[in-house]
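Hydrogens, waters and symmetry mates play no part in the numbers below; they use all other heavy atoms, side chains included. Everything numeric here is computed off the predicted structure, so don't read it as measured data.
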Protein chains: 2
Amino acid sequence: MNNKNNETIDTPTYENGEKMYVATDCIIFGFDDGILKLLVFERRVKPKQGELSLIGSFVSPNENVTEAAQRVLKEITGLENIFMEELKCYSNIDRDEGARCLSIAQYALIRIGEYDKQLVEKHGAQWYEIGKLPKLVYDHDQMVEDALERLRTKSRFYPIGIELLPKQFTIPQLQKLYEVIHQKQLDPRNFRKKVLSLKLLIPLNKKDKTGSKKGAYLYKFDYKKYKKLEEKGFNFSIFK
Amino acid sequence: MNNKNNETIDTPTYENGEKMYVATDCIIFGFDDGILKLLVFERRVKPKQGELSLIGSFVSPNENVTEAAQRVLKEITGLENIFMEELKCYSNIDRDEGARCLSIAQYALIRIGEYDKQLVEKHGAQWYEIGKLPKLVYDHDQMVEDALERLRTKSRFYPIGIELLPKQFTIPQLQKLYEVIHQKQLDPRNFRKKVLSLKLLIPLNKKDKTGSKKGAYLYKFDYKKYKKLEEKGFNFSIFK
DNA sequence: TCAAAAGTGTTGCCGGTACACCCATGG
DNA sequence: CCATGGGTGTACCGGCAACACTTTTGA
């Protein structure tokens with residue numbers, strides 16, 4: 001047993017490390033009338049003035065990464081307590097030409113009717129439809145691609161899609177959301193049957209008439225019941 | 001449109017950020033004769049000398065986080081090209097009392113027969129059975145818990161469990177692995193039927209006699225075929 | 001009155017689950 | 001020869017997929 005050969009591992013003293021800048025970037029999804037959108041931000045200052053980027057910030061000494069992302073999100077949209085999840089750490093050495101800087105990307109799902117439009121405008125942020133997104137700065141394109149992939153895989157087994165809909169929503173709306181996320185047409189009869197069989201939608205006996213003349217019944221998601229089921233290993237899967 | 005109110009967001013100049021130490025820690029799983037194990041490491045130096053911790057390192061200026069983790073893994077086990085995936089970034093401000101330091105945890109799945117025993121011993125690392133694990137330093141307990149959770153959820157839909165078995169394995173071995181990971185007894189007849197129906201195991205027409213007198217047929221996993229299926233949205237799920 | 005979307009029901013089939021017996025072999 | 005684990009077959013049932021028609025109502 002000899003300590004000298006492996007000092008870099010056995011002795012993680014701080015002199016061995018080099019400090020780095022740590023940022024967080026938010027991939028903010030919204031769903032508006034059948035269209036999946038992303039909130040991006042036009043840089044008003046150098047470097048890369050005028051180019052599009054995700055919304056982000058450095059992580060301050062007095063906060064952890066999650067708190068930093070929540071702070072940014074609130075500053076830009078006015079929203080708190082929204083669905084946000086860590087995506088991945090981006091750490092390539094040349095990802096930011098200015099200095100060694102890594103970013104922990106987080107993706108957020110927001111109800112597009114609820115954000116503060118004035119705040120968003122003030123920060124030069126705009127919604128872009130997924131698929132019509134221009135080039136973003138640095139590795140932000142990659143982040144968006146990865147976030148989309150995560151949204152697809154995760155929404156297959158967890159009801160996170162609900163976070164993109166208004167708190168009261170109709171079954172056709174929910175179906176449309178799944179179709180857009182998964183790029184796949186679904187049979188409305190089977191979709192309805194499947195969704196209702198899960199017994200996780202609470203009928204509100206109210207109709208939403210914006211989508212059709214007949215109107216569609218509104219539901220809300222039974223979060224409490226879902227939480228209980230989830231603990232027992234239940235999976236909210238719409239697809240087989 | 002006014003630039004002055006939002007400089008902290010619109011102008012991510014490096015003066016606004018504070019640099020931090022960035023580390024990576026590896027949660028290394030192994031599967032040995034029906035038992036799921038973790039490779040942990042006894043610290044030989046201060047601080048926290050003699051206590052148990054995960055294997056980790058600071059991220060150097062000339063490498064990204066993945067490379068750092070691969071470096072550590074090779075230094076300790078001699079292994080390269082093994083399954084490793086980012087788990088989560090741990091960034092609480094007081095997680096390391098010495099300095100502001102965040103860690104990007106990665107979990108790795110290794111074939112327990114293949115690592116370099118001498119190297120492991122030299123670094124003071126040892127295998128512990130999951131569930132009989134003593135307290136680890138800092139937030140490493142939390143990392144292990146999160147990694148286990150990830151292993152459970154991910155192995156439900158992706159064949160990552162295979163990474164823990166020898167390259168040639170038997171169906172009873174595979175079943176045992178699933179049982180241990182998911183803490184659940186499975187019916188051997190149904191398990192076999194299900195696994196074979198996926199057509200992803202290549203029979204080797206050889207028997208492994210270490211487990212029984214009769215011997216069990218050996219198989220290997222068809223990675224190429226799986227890759228193709230995965231691209232089409234196929235899911236390797238053993239459970240419903 | 002009609003176009004457009006919402007809502008309802010049936011059937012066949014595949015796959016999951018439950019369950020019992022024979023096989024091979026080393027000791 | 002027998003204990004131990006490995007391997008095979010069947011029958012039932014529930015859930016998924018495919019598919020056509022009626023309802024509502026604003027324009």
Atom pair distance, as rounded to whole Å: [atom1] in [X] and [atom2] in [N]:
| X | N | atom1 | atom2 | value |
| --- | --- | --- | --- | --- |
| A/L198 | D/dG15 | CG | P | 11 Å |
| A/K184 | D/dC16 | NZ | P | 13 Å |
| A/L174 | C/dA5 | CG | P | 18 Å |

Could you work out which one of [options] sits closest to the side chain of [X]?
| X | options | value |
| --- | --- | --- |
| B/N190 | D/dG7, C/dT17, C/dA5 | C/dT17 |
| B/P172 | C/dG7, D/dG7, C/dT17 | D/dG7 |
| B/K193 | D/dC19, C/dA6, D/dT10 | D/dT10 |

Using only side-chain N and O atoms of [X], determine if any of them is under 4.0 Å from OP1 or OP2 of [N].
| X | N | value |
| --- | --- | --- |
| B/K214 | D/dT4 | no |
| B/K194 | C/dG16 | yes |
| B/K213 | D/dA3 | no |
| A/R189 | C/dT8 | no |

Would you mind checking if A/K74 and A/E80 are paired as a salt bridge, meaning a charged N to carboxylate O distance below 4.0 Å?
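The answer is yes: the pair qualifies as a salt bridge.
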Would you state whether a donor and an acceptor, one from the side chain of B/K207 and one from the base of C/dT25, lie under 3.5 Å apart?
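Looking at the base of C/dT25, it does not pair with any donor or acceptor on the side chain of B/K207 (distance under 3.5 Å).
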